There are 2 protein chains.
Amino acid sequence: MSLDLLSIYEHATFLISIKKSFLQKPYFYTSRSSQMHQNLVAYIHRYVEMSDTEIEVFNRYLIKRKISKREHLIEAQKETCTARYYIVKGCVRLYYFDEKGNEQIIHFGIDNWWISDYESLVNQLPAKLHIQAIEDTELLELTTEAFEQLSKKLPKVERLFRIIMEKTTVAFHNRIAYMLSSSGEELYTTFINANPGFCQRVPQYMIASYLGMTPEFVSKVRSRTKNNS
Amino acid sequence: MSLDLLSIYEHATFLISIKKSFLQKPYFYTSRSSQMHQNLVAYIHRYVEMSDTEIEVFNRYLIKRKISKREHLIEAQKETCTARYYIVKGCVRLYYFDEKGNEQIIHFGIDNWWISDYESLVNQLPAKLHIQAIEDTELLELTTEAFEQLSKKLPKVERLFRIIMEKTTVAFHNRIAYMLSSSGEELYTTFINANPGFCQRVPQYMIASYLGMTPEFVSKVRSRTKNNS
DNA sequence: AATACTCCTTAATCATGATTAAGAAGTTTA
DNA sequence: TAAACTTCTTAATCATGATTAAGGAGTATT
């Protein structure tokens with residue numbers, strides 16, 4: 001069972017397997033227009049072919065957004081999620097409050113992930129998930145209405161999102177596989193080994209929540225591994 | 001947090017919300033041609049509009065398959081997964097062996113689910129998952145090659161699968177949410193309340209594996225709840 | 001500079017659920 | 001019909017990780 005089982009960079013990992021240079025040179029395309037857009041262009045080209053004209057059409061349906069650290073993109077109960085969001089740069093968390101009132105993080109969104117509260121989006125129900133920025137974050141918003149219009153003009157957008165959702169399913173399969181077969185200590189050490197950079201961007205208690213353990217336990221594991229090495 | 005959080009009928013639940021009569025009258029469409037096909041027709045019509053001609057085209061790319069109880073559809077390591085499978089009737093499990101040699105069930109596939117080892121399918125890698133019939137099962141196989149040809153002829157097939165994968169993502173979000181916030185006892189009792197019929201079709205130890213607990217613990221929980229009621 | 005946050009650590013106690021081991025009941029196969 | 005599986009149960013012991021509580025270090029805010 002390889003380390004990247006618990007990688008939150010699941011998407012990126014697969015991108016790399018197609019064209020390694022992408023993540024190493026993320027600013028390659030920046031000369032022509034704004035970086036935000038060209039970041040997504042590079043992403044799209046990993047999955048479907050799209051002409052400059054088509055990219056231009058796609059771009060017209062996107063709304064640039066910035067949210068600052070701690071700001072919410074979506075607040076559960078208060079609203080229905082009406083868009084898919086592409087994270088150009090930054091980090092968000094998707095979380096909810098369980099019956100005992102504890103925050104539970106069910107997903108992190110980082111650069112090059114598309115995120116949404118899909119249950120709210122697909123079924124047009126009030127959101128159950130909060131989506132909050134952990135860092136200042138740049139996003140591109142594709143509303144459901146925009147998506148529907150765009151996919152009529154550009155049917156291959158459906159293909160793009162079909163592929164994205166399949167990649168997402170792979171990530172969830174792997175995460176559940178690892179959750180089922182590992183102890184808490186294994187989960188934590190595997191996670192930090194798989195995502196060393198990420199763990200310095202995010203408070204420890206959020207990683208604990210994502211992995212389904214208490215911050216105190218993470219602390220214990222850390223001190224144990226420190227003493228053993 | 002509603003009961004259907006742990007329902008393996010997640011897909012079906014959403015189908016019902018669009019047209020309740022579907023699952024109550026699953027044989028409504030059977031007069032015209034074989035039941036297998038018409039079962040899928042009804043499914044497709046929940047998500048996209050498709051003319052009789054288009055349905056006929058779609059159907060030409062499908063291969064009918066039957067596997068009997070205990071037979072494997074996919075065996076990990078031995079092969080690469082090259083198809084998506086629609087379950088017309090029956091039940092399969094997706095599982096793998098962890099480093100300690102334990103079977104871990106990461107997903108059940110039942111009537112009206114599309115299943116696959118998506119990691120193997122998407123990245124063309126040897127399968128890591130075994131897919132095995134728990135009951136005699138009727139399937140429709142859509143190979144990757146057939147899918148590619150079909151989606152060129154019928155672009156809306158991409159839309160169909162995009163929607164299916166979004167529904168799947170919702171199911172995984174909810175499953176992870178519940179895994180993170182519930183005790184083993186809660187997980188088990190919620191699961192059997194959400195899927196009473198299913199639990200009579202499947203051995204208890206498989207449910208234990210799916211929920212990430214030992215069969216002995218399930219047994220203990222059952223005797224506890226028996227005595228309390 | 002003082003106060004209030006936010007985040008992390010440590011340690012004692014406790015409970016959930018795993019492990020181990022034995023056996024029983026039901027179902028196949030020979 | 002006996003032998004061999006498969007599945008489930010029970011109970012004793014043990015370990016992982018939660019809970020509780022206290023304190024400390026770093027960072028914002030006034």
Side-chain angles (χ1 to χ4, degrees), chain A residues 68-72 91 93 95 98-105 108 132-136 178-192 198-229, chain B residues 68-72 91 93 95 97-105 108 130 132-136 178-192 198-229:
Chain A
S68 35
K69 191 172 174 174
R70 267 162 240 238
E71 203 180 330
H72 280 86
C91 182
R93 61 177 179 142
Y95 70 101
D98 67 19
E99 317 83 59
K100 296 140 204 155
N102 301 316
E103 271 180 26
Q104 295 288 350
I105 296 178
F108 288 117
Q132 184 192 36
I134 301 175
E135 304 170 347
D136 293 352
Y178 221 75
M179 283 172 82
L180 289 177
S181 67
S182 305
S183 69
E185 177 149 5
E186 283 168 334
L187 273 179
Y188 178 75
T189 54
T190 305
F191 186 82
I192 54 161
F198 178 76
C199 296
Q200 279 149 4
R201 288 160 65 180
V202 169
Q204 236 172 75
Y205 75 90
M206 289 192 190
I207 292 167
S209 170
Y210 178 82
L211 297 174
M213 58 191 72
T214 60
E216 292 86 353
F217 181 65
V218 166
S219 218
K220 198 197 263 183
V221 170
R222 279 165 61 86
S223 74
R224 248 196 317 245
T225 48
K226 216 183 297 169
N227 298 337
N228 292 350
S229 63
Chain B
S68 34
K69 191 173 174 174
R70 268 163 239 236
E71 203 180 330
H72 280 86
C91 181
R93 60 177 179 142
Y95 69 101
F97 289 92
D98 67 19
E99 317 82 58
K100 297 141 203 155
N102 301 316
E103 273 180 25
Q104 296 288 351
I105 295 178
F108 287 117
H130 301 268
Q132 186 193 34
I134 301 176
E135 304 171 345
D136 294 351
Y178 220 74
M179 284 172 81
L180 290 177
S181 68
S182 306
S183 69
E185 177 149 6
E186 283 168 333
L187 273 179
Y188 177 75
T189 53
T190 305
F191 186 82
I192 55 161
F198 178 76
C199 296
Q200 278 148 5
R201 289 159 66 180
V202 169
Q204 237 171 75
Y205 76 89
M206 288 192 191
I207 292 167
S209 170
Y210 177 82
L211 297 175
M213 57 191 72
T214 60
E216 292 86 352
F217 181 66
V218 166
S219 217
K220 199 197 261 179
V221 169
R222 279 166 61 85
S223 74
R224 245 193 324 241
T225 49
K226 215 183 298 168
N227 297 338
N228 292 352
S229 65

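The model shown is predicted, which means the values in this text are computed figures rather than measured ones. Proteins get letters first, then strands, A, B, ... in listed order; numbering begins at 1 in each.
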Axis-to-axis angle between the two ends of the helix from C:dA1-D:dT30 to C:dA30-D:dT1 (five base pairs per end, rounded to 10 degrees): 50°
Closest non-hydrogen atom pair between A:I134 and A:R201, with its separation: CG2-O, 4.2 Å
Any B:T214 side-chain N or O less than 4.0 Å from OP1/OP2 of C:dG17: no
Verdict with supporting geometry, B:E185 and B:R224, side chain to side chain contact (heavy atoms under 4.5 Å, CB included): CA-CA 10 Å; B:E185 177 149 6; B:R224 245 193 324 241; 2.8 Å; yes
Centroid-centroid under 6.0 Å between B:Y178 and B:F191 rings: no
Value in whole Å for how far the P atom of C:dA15 lies from CD of B:E186: 16 Å
Test side chain to side chain contact (heavy atoms under 4.5 Å, CB included) applied to A:Y188 and A:R222, step by step: CA-CA 9 Å; A:Y188 178 75; A:R222 279 165 61 86; 3.5 Å; yes
5'-most by nearest nucleotide on DNA chain D - B:F217 or A:G184: B:F217
Euclidean distance, atom OH of residue B:Y188 to atom C1' of C:dT16 [Å, nearest integer]: 18 Å
Spacing of CD belonging to B:E103 relative to OG belonging to A:S181, to within rounding of 0.5 Å: 13.0 Å
B:L180: partners by side chain to side chain contact (heavy atoms under 4.5 Å, CB included), with sequence neighbours left out: A:Q104, A:I106, A:R175, A:M179, B:I176
Donor-acceptor under 3.5 Å (B:T225 side chain, B:V221 main chain): yes
Separation of C:dC7 C1' from A:E103 CD (nearest whole Å): 13 Å
Inter-residue atom distance B:D136.CG - B:R70.CZ, 0.5 Å rounding: 11.0 Å
For A:E216, side chain to side chain contact (heavy atoms under 4.5 Å, CB included) partners two or more places apart: A:T214
Footprint string (nucleotides 22-30 of chain D, 5' to 3'): B base within contact, S backbone only, - free, heavy atoms under 4.0 Å: ---------
Distance (rounded to the nearest 0.5 Å) between A:H72 NE2 and A:Q132 CD: 4.0 Å
A:R224 CZ to D:dT16 C1', straight-line distance once rounded to whole Å: 9 Å
Protein-nucleotide distance (A:M213, atom CE; D:dT19, atom P), rounded to Å: 13 Å
Gap between atoms NZ and C1', on A:K100 and D:dT19 respectively (whole Å): 14 Å
Atom-to-atom span, NZ of B:K220 to C1' of C:dA18 - whole angstrom: 9 Å
Main-chain N/O of B:I105 paired with B:S209 side-chain donor or acceptor, under 3.5 Å: yes
Heavy-atom closest pair, residues B:A133 and B:S68: CB-O, 3.6 Å
B:F198-B:F108 aromatic ring centre distance below 6.0 Å: yes
Nucleotides 23-30 of chain C: protein proximity per nucleotide (B base, S sugar-phosphate only, - neither; heavy atom, under 4.0 Å): --------
Residue pair B:I192 / B:C199: nearest heavy atoms and the distance that separates them: CG2-SG, 3.5 Å
Output one line per pair: protein atom, nucleotide atom from nucleotides 3-8 of chain D, and distance, for all N/O pairs under 3.5 Å.
{"from": "D:dT7", "atom 1": "OP2", "to": "B:Y205", "atom 2": "OH", "distance (Å)": "3.1"}
{"from": "D:dC8", "atom 1": "OP1", "to": "B:Q204", "atom 2": "N", "distance (Å)": "2.7"}
{"from": "D:dC8", "atom 1": "OP2", "to": "B:Q204", "atom 2": "N", "distance (Å)": "3.1"}
{"from": "D:dC8", "atom 1": "OP2", "to": "B:Y205", "atom 2": "N", "distance (Å)": "3.1"}

